[in-house]
Amino acid sequence: MRFFSSSPGCPQLQSSCERGVCGRRGCVQGAGLKVHHGLQSEGPVHCPVPLPGLACLLLSRTPVLPLGAPVRGTAAGGAVHLLCSARPPSARLSWRFMGRALEPGAGRGGGREGEVRSLTVPSLQPDQAGLYQCVAQTDAGAIASRPARVTIAGISEFGESRKRSLAVEEGGTALVECRLPHSDPPALPRLRVRGEWLEQSADEYLILPSGNLQIVSVSPRHQGTYKCGAYNPVTREAKVEGHGTRLIVKRSDGSSQVRIVFPVTPQTLNVVRSKPLTLECVLAGRPNLIARWVKDGQDVVLGPSHTLVHNNLLLTSVKQSDAGNYKCLVPTEKRDVVSANYTVNVLEPPSVLRGLSDQSVTSGSSTRFVCAAKGSPAPNITWLFNANPVVPSSRHQVSGSSLRIAAVTLQDQGVYQCLLDNGIGWAQSAGTLTVQSGPSSRPVILSPPLSGSFQEGDDVFLSCNASGQPLPVIRWYNAAGPIATHPARLLQPPQAAARAPGDSPPHLTMSRPGSSSLYIQAVTPAHAGKYICEASNELGSVKAEAILTVEPLESTSAGTSTDSTLSIHPIQNDEGEEPFLQEEEPGEGHALPSERTSDLPPPEAPIITSPPQTHKPDVYDLEWRPGRDWSSPINAYFVKYRKLDDAGNVAGGWHTVRVPGSEKTLRLSELEPSSLYEVLMVARSSAGEGQPAMLTFRTGKERISPSKNPSKPPILSLPDSSNTHFGVVVHDTVPEAPDRPTISMATESSVYVTWIPRANGGSPITAFRVEYRRQGRSAEWATAADNISPLKLSVEVRNLEPGSTYRFRVIAVNMYGESPHSTPSRPYPVSAVSPPFSNRPVAGPHISSTDAVSDTQIMLRWTYTPSSNNNTPIQGFYIYYRPTDSDNDSDYKRDVVEGIKQWHLIGQLQPETSYDIKMQCFNDGGESEYSNVMICETKARLAPGAPPEPGHAPGPTRRTPSAPGACCT
């Protein structure tokens with residue numbers, strides 16, 4: 001692949017703004033970026049920023065993007081349009097604001113694939129000003145455009161002023177000083193001269209760039225009051241100072257001394273290369289004085305690029321060689337010399353001297369990208385990999401202008417960019433890295449386990465990820481030797497007595513080729529010490545270690561052993577009292593293998609598809625689909641479930657069920673109404689036991705028959721407070737804490753957090769907030785998603801760090817405040833990044849039913865068959881919906897749900913409105929074809945006081961299309 005800049009490369013992006021003027025509505029545009037400020041004009045308006053030559057980044061089979069230009073803003077409330085183009089036509093475009101991805105629908109866009117596409121901010125607000133980027137992605141990788149800076153134009157008032165008088169001898173030079181107010185973009189000076197506006201230099205009046213007015217050869221007709229003004233060329237606002245300067249012309253008596261009126265102190269000016277510059281030198285004392293300019297001690301040679309205008313030195317286009325120290329020298333009657341001093345610094349936007357080149361290396365070797373650049377001031381370099389910042393690590397080392405990648409793996413393959421910024425402009429270069437994987441390679445540790453200090457009783461997750469060909473097997477060791485436990489063994493019923501006091505608490509390892517996590521529940525001082533992860537394949541092995549420090553509690557129960565020797569075969573115990581698994585004696589029970597019996601990896605965790613709520617009070621239908629079995633058929637599932645209290649603590653014992661590998665459903669019966677339960681399940685094949693899948697669900701309320709419980713007459717009482725609504729007391733309390741959230745994988749670096757709300761405290765829940773925390777004692781809770789719609793009970797949390805472990809919790813909000821936070825989720829380890837999906841799914845899902853459950857909500861259910869796409873993995877589903885009477889595709893709204901779900905509640909709809917609904921599935925390779933289209937009409941809005949319809953469980957019931965609430969295909 002080759003990367004280069006070329007103006008002819010993007011002819012479709014040529015625009016009228018390249019001629020230096022904009023249309024009647026005014027705009028700012030450069031390199032495919034423009035801003036409309038929506039103000040009328042009687043003629044052409046000059047663009048407030050210079051327009052660089054159009055440049056494109058050309059990549060073979062990778063995206064082509066325009067290089068962004070700085071954009072100086074629009075008026076508050078005006079519309080902003082950002083344009084972007086990419087090739088090849090299959091490239092997928094997205095937008096970022098201040099480094100964060102903009103959700104679909106955040107701005108209006110248009111255009112077909114491969115054509116110019118736009119992001120529109122209909123009404124620019126202060127929180128929408130900043131840096132915007134366009135990102136294009138193909139199977140080969142992703143690339144980001146240079147940022148476009150959008151600012152809000154505005155101008156401040158003049159500072160406080162007082163009446164001033166200026167006396168000048170006839171024939172001399174007068175200087176009316178004006179200090180222009182802050183303005184974005186910089187204000188243009190205007191002066192009010194004896195009641196009339198002076199907008200540009202004319203005759204004896206010279207308006208200087210500083211805003212000062214120089215009057216040459218003053219005469220009595222120049223007497224009067226002068227007021228300073230400033231004009232913003234974008235907002236077209238004009239500001240005038242409160243008090244002006246009164247000019248008095250007096251007769252010359254010939255006694256005035258030669259002097260410099262402006263500047264009276266040394267000046268330092270910064271100017272961008274190729275911009276014009278005026279060095280002001282205003283003289284007084286004698287007519288027809290001519291100043292001499294010197295630079296760095298040498299006379300300035302006047303010519304087309306350096307001219308004098310009434311002793312002011314004008315540089316028409318500043319070059320780098322124009323930087324230096326300038327003096328305006330004027331001789332006096334006594335043959336002395338007075339001077340005005342300037343220091344000129346020439347600023348230069350970044351430019352690439354040596355850019356990135358494409359590289360192809362073998363797996364396990366090292367490589368280096370170099371990005372040499374110049375600019376004034378020196379530019380900062382940001383390194384990107386597939387449009388995301390490169391995080392420095394032991395393998396990714398940034399030094400000066402180079403990026404070194406050690407022990408290259410397939411995960412490092414993609415597009416690398418260096419983005420240069422010095423506050424004056426932007427530049428970039430890009431190159432691709434291709435990793436040639438040989439028939440085999442030694443293991444390489446990608447992310448070793450991290451040492452840490454924990455409090456006694458904490459849960460600890462240690463993660464270890466490695467690469468190699470074939471993918472290495474990862475094993476854990478401590479001071480006692482190998483740590484060997486398997487998830488399926490942990491799901492077997494206990495068959496022996498509880499462990500004795502002083503026995504080491506349990507470990508749990510969850511492994512697949514190239515990735516493994518070690519979970520230690522309720523850590524104690526006995527667990528302190530060295531832990532080693534070993535990655536091995538047929539070519540060799542490599543180790544990494546972590547030191548675990550445990551701080552004991554201040555007081556401990558008597559008889560607790562501090563023996564530091566850990567059991568080679570530890571026992572899993574979730575409750576800390578009863579054994580979760582005990583080694584079975586030979587010949588007893590079902591002995592599960594402690595080691596894998598096949599070279600194939602164990603099956604992936606089952607994907608639970610049933611929702612976290614059921615309307616049934618005593619049963620729950622658990623549904624799932626298998627994960628990948630790696631060509632080793634699944635012969636059984638092990639399912640465990642138990643009851644929790646409302647705080648998420650254990651309230652009952654485990655119930656264990658073995659399910660044949662051919663089954664995909666299991667009814668859990670004899671449950672308690674309105675109760676919270678958790679489920680653990682694993683798949684087992686001849687290759688071993690895979691990772692566990694986890695779910696938390698809540699049963700429905702118990703229905704009481706009116707015949708068995710006759711209603712009592714209502715008792716009316718007068719409330720003793722005014723906090724009532726139609727005679728009903730409103731309890732102004734915050735919501736109850738939501739149930740403990742359930743975590744499931746969305747992508748390699750993101751998860752779906754799903755939760756169940758509780759009582760709303762007497763006021764509707766207005767939003768949810770999801771927080772997360774990395775494993776470790778010093779980590780703080782941070783906000784992952786805020787202002788989540790109360791209709792959504794699931795959210796995707798992105799940009800998680802591979803190899804790290806996280807917990808999540810949820811908070812509900814109503815008009816009275818925030819609920820207590822939910823019980824934190826189980827620890828979730830993020831595995832190493834795997835190569836992106838190269839193939840997009842072709843066949844889409846099939847919508848099986850729609851059901852209008854209210855006047856604003858529709859329940860959608862679907863089926864998806866992985867075999868229809870050659871078992872290509874998917875990451876999620878797109879759900880599109882629009883009013884049926886609309887013929888405009890842009891009216892479709894889109895919801896995104898995780899790939900393990902088979903139902904979704906569409907909310908915020910209009911009453912008695914028919915909607916078209918269709919779906920796609922997607923992964924990093926792209927989107928599938930559309931599903932079948934369903935039509936469903938929401939219910940009619942209930943009149944005030946009308947009783948609601950009896951509740952029912954959402955299901956695949958079809959309604960007659962003729963009535964509100966009807967749904968059909």
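Interatomic distance, CD1 of Ile143 versus CZ of Phe385, reported as 13.0 Å (0.5 Å rounding). Separating the NE2 atom in His396 from the CD1 atom in Ile405 is a distance of 5.0 Å, to the nearest 0.5 Å. We find the CG-CZ distance between Leu119 and Arg96 to be 14.0 Å, quoted to the nearest 0.5 Å. One finds the CG atom of Leu800 at 7.0 Å from the OG atom of Ser750 (value rounded to the nearest 0.5 Å). Rounding to the nearest 0.5 Å places CH2 of Trp383 at 16.0 Å from CG of Asn388. The CZ atom of Phe369 sits 9.5 Å away from the OG atom of Ser429 when rounded to the nearest 0.5 Å.
The heavy-atom pair separating Ile847 from Thr850 by the smallest distance is CG2-CG2, 4.2 Å. The minimum heavy-atom distance linking Trp426 with Arg149 is given by the pair CZ2-NH2, 4.3 Å. Between Gln413 and Leu433 the shortest heavy-atom distance is CG-O, 3.1 Å. The two residues Tyr637 and Ala683 come nearest to each other via the heavy atoms CE2-CB, 3.7 Å. Here the closest heavy-atom approach between residue Ser931 and residue Pro845 is recorded as CB-O, 2.9 Å. Taking every heavy atom of both residues into account, Pro757 and Phe768 meet most closely at CB-CZ, 3.9 Å.
No donor-acceptor pair under 3.5 Å is formed between the side chain of Gln417 and the backbone N or O of Leu384. For the pair Thr884 (side chain) and Ser914 (backbone), a donor-acceptor distance under 3.5 Å is present. Between the side chain of Asn386 and the backbone N or O of Ala142, at least one donor-acceptor pair lies under 3.5 Å. Asp916 places no side-chain N or O within 3.5 Å of a backbone atom of Arg882 that could act as its donor or acceptor partner. No donor-acceptor pair under 3.5 Å is formed between the side chain of Gln857 and the backbone N or O of Ser854. A donor-acceptor pair is defined here as one N or O able to donate and one able to accept, closer than 3.5 Å; such a pair exists between the side chain of Ser928 and the backbone of Cys921. Not one N or O on the side chain of Ser825 forms a donor-acceptor pair closer than 3.5 Å with the backbone of Pro741. At distances below 3.5 Å, not a single donor-acceptor pair connects side-chain atoms of Arg769 with backbone N or O atoms of Asp786. Using a distance-only test at 3.5 Å, with no hydrogens or angles considered, no donor-acceptor pair links the side chain of Thr696 to the main chain of Thr742. Side-chain atoms of Asn465 do not come within 3.5 Å of backbone N or O of Leu446 as any donor-acceptor pair.
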Go through the steps to decide whether Asp621 and Ser610 satisfy the test side-chain contact (heavy atoms from CB on, under 4.5 Å), and finish with yes or no.
-> CA-CA 7 Å; Asp621 291 320; Ser610 50; over 6 Å; no
Give the intermediate values and the outcome of side-chain contact (heavy atoms from CB on, under 4.5 Å) for residues Tyr864 and Ile874.
-> CA-CA 10 Å; Tyr864 172 70; Ile874 65 169; 3.4 Å; yes
Residues Val435, Thr409; criterion side-chain contact (heavy atoms from CB on, under 4.5 Å); working and verdict | CA-CA 7 Å; Val435 179; Thr409 69; over 6 Å; no
Show the numbers, then the answer: is there a side-chain contact (heavy atoms from CB on, under 4.5 Å) between Phe697 and Leu622?
-> CA-CA 10 Å; Phe697 70 88; Leu622 180 66; over 6 Å; no
In sequence, state the C-alpha distance, the side-chain angles, and the governing distance for Phe808 and Tyr828, and then conclude on ring pair (Phe, Tyr, Trp, His ring centres under 6.0 Å).
-> CA-CA 9 Å; Phe808 300 84; Tyr828 182 87; 7.2 Å; no
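For the ring-ring contact (aromatic ring centres under 6.0 Å, His included) with Phe877, the qualifying choice from Phe922, Trp862, Tyr930 is Trp862, the only one to do so.
A heavy-atom distance below 4.5 Å is not found between the side chains of Gln910 and Pro883. Side-chain contact between Leu82 and Trp95 is present, with at least one heavy-atom pair separated by less than 4.5 Å. In this structure, Ile906 and Cys936 have side chains that are not in contact, with every pair of non-hydrogen atoms separated by 4.5 Å or more. Here the side chains of Tyr881 and Ile858 are not in contact, with every heavy-atom distance at 4.5 Å or above. Considering only heavy atoms from C-beta on, Gln133 comes within 4.5 Å of Leu419 through its side chain. Looking at Val150 and Gln128, their side chains never come closer than 4.5 Å, going by heavy atoms from C-beta outward. Looking only at side-chain heavy atoms (C-beta outward), Val896 and Tyr878 come within less than 4.5 Å of each other. Using a 4.5 Å heavy-atom threshold, the side chains of Tyr806 and Val751 count as separate.
Judged by the 6.0 Å and 45° rule, Lys893 forms no cation-pi pair with Tyr915.
Annotation: Lys664, atom NZ; neighbour count of heavy atoms from other residues, nucleotides and ligands within 6.0 Å is above 12. Annotation: Glu623, atom CD; neighbour count of heavy atoms from other residues, nucleotides and ligands within 6.0 Å is above 12.
With hydrogens and angles left out, the side-chain atoms of Ser886 and Asn888 include no donor and acceptor closer than 3.5 Å.
Salt bridge Glu771/Arg807: absent, no basic N to carboxylate O contact under 4.0 Å.
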